[in-house]
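Proteins get letters first, then strands, A, B, ... in listed order; numbering begins at 1 in each.
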2 protein chains.
Amino acid sequence: MSAPTPRHTPETRSRILDAAEELFVEHGFEATSMRMITSQAGVNLAAINYHFGSKDALIQEVFRRRLTELNRQRLAMLDKLEADAGGAPLKPSRIVEAFFGTALVLAADTEHGGHTFMRLLGRTYTEPNAFVRQFLAEEYAEVLERFLGALYRSLPDVPREEILWRFHFMMGAMSYAIAGTDALQLFAGKFDDADPARLLPRLMSFLLGGLRAPLAEYAARPAGRRGRSAAA
Amino acid sequence: MSAPTPRHTPETRSRILDAAEELFVEHGFEATSMRMITSQAGVNLAAINYHFGSKDALIQEVFRRRLTELNRQRLAMLDKLEADAGGAPLKPSRIVEAFFGTALVLAADTEHGGHTFMRLLGRTYTEPNAFVRQFLAEEYAEVLERFLGALYRSLPDVPREEILWRFHFMMGAMSYAIAGTDALQLFAGKFDDADPARLLPRLMSFLLGGLRAPLAEYAARPAGRRGRSAAA
DNA sequence: GAATGATTCAAACGTTCGTTTTAATTGTAC
DNA sequence: GTACAATTAAAACGAACGTTTGAATCATTC
């Protein structure tokens, strides 16, 4: 009849990380206090500073533990694509799928916090907090270099500047699609079918349509071939 | 030789709003303190509570003064389109231009704070703060209703659900394009040409490409016409 | 120029924040 | 069981937060 409650919980670290992840999504970094986190995690207030050192270090660890794995998957998928192609240029759609598909699969995982984390990540791309931006930039440096390089080789006739912009737009559409779907109430009550599993084909179709759109022309530029397509 | 400094500044309100707008973009709502705002505006700390009542009310006013005008322009442009068409359905591209073009024009205005505000607005679509979301939803209700209705009539064969999703994606691409360009350092040093004036054609081309993309098919659904286009 | 209402000012309010400190408790090896 | 290091616990720290107060200053009207 003794209480089955475990006296010693070595998973204190992960309980803090899980609680922080949820609360950061719900309230943001600044509005989430250490006391809110430790309270939800069921641990002592001082545990955060003991295990992580500071609140900022905790924020970093919340991202690091998931982002490292996500970017590893992305790179592995790109490696496989390039290996299978054997030197031939990749189809742009394959590259886009490798980058955004992995993220969307993670976002569709509502069981193990993947959905929660992707909502957080999507919002954080525009996070004003300086050290968070710095940290994200470092985590993304290699992945961005690899995928942009692959796209450049895949679309040799499209100016790199334009590829860069369109990749930027695609990241925006994805981030917002994930972060904004249930966060913002702009479209409240309008979505009958917000199934995360269906988000992938919907978004992928949109992204590829945007990537393949005719390049914009400027009045200031010498008018070349009008409306040539960016991606086959 | 007397100091030309004006003793009484009736523009205290607008100085506070301008300072708040800039600081909110740079640091976010929570990380921007009343003391930072009043200090940058050169006014007394108590001035915010005197003129606006509270920090939350100030945040609302920062959005209201610009958003009301932006949405007025959007509706006026849609009114004109519908008047010129005389009952005929509008081209989807015109509707999209009316909604996103006005926002991008404002975002290109670096002289009068329009660019600053649009960066702030773009980030705020995913803002966790509850009352900000609520306020934004109210400000956008009429405009969204009108533009979505126009798109529904313009694309009668496309399921409304899909139009809704694509509008959602388009808002994401735009928000991120504006909010993330200089906020996030992910693409730091990669953009040679970040001219806001060129953002409009670049983004518009991408958005229309996404809107016109073939609709996604699901394995679970009965395979109808494959890859029919969403917008002409 | 005195009276009035609007605005600005310096100072303080109580609360909450992230962090630190010190003691108690735990699991592990002797 | 005792020693030891790791972890948890309770309490307090100074700093910063949004807000309020009451007096001083302003522009305006008689």
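- Summarising the geometry, the separation between CG on B:N44 and C1' on C:dT8 is reported as 6 Å, rounded to the nearest angstrom.
- The cationic atom of B:R166 (NZ for Lys, CZ for Arg) does not lie both less than 6.0 Å from the six-membered ring centre of A:F206 and within 45° of the ring axis.
- Between A:H27 atom NE2 and C:dT16 atom P there is a gap of 15 Å when expressed in whole angstrom units.
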Name the pairs: protein N/O against N/O of nucleotides 16-19 of chain D, kept only if under 3.5 Å.
unit_1, atom_1, unit_2, atom_2, d
D:dC17, OP1, B:S33, OG, 3.4
D:dG18, OP1, B:K55, NZ, 2.6
D:dG18, OP2, B:M34, N, 2.8
D:dG18, N7, B:R35, NH1, 2.9
D:dG18, O6, B:R35, NH2, 2.9
D:dT19, OP2, B:K55, N, 2.9

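- Dashed line: the shortest gap from a side-chain N or O of A:H51 to OP1 or OP2 of D:dT8 is under 4.0 Å.
- The closest donor-acceptor contact from the side chain of B:H27 to the backbone of B:T32 lies at 3.5 Å or more, if one exists at all.
- Rounding to whole angstrom units, OH of residue A:Y50 and P of D:dA5 are separated by 13 Å.
- For residues 27-55 of chain A, no residue pair satisfies the salt bridge (Lys or Arg N to Asp or Glu O under 4.0 Å) rule, not counting sequence neighbours.
- Two rings, from A:F147 and A:Y152, have their centers 6.0 Å or more apart.
- Pairs engaging residues 95-107 of chain B under the salt bridge (Lys or Arg N to Asp or Glu O under 4.0 Å) rule: B:R94-B:E97 [sequence neighbours left out].
- When only modelled atom types and interatomic distance are considered, A:Y125 and A:Y176 share no side-chain donor-acceptor pair under 3.5 Å.
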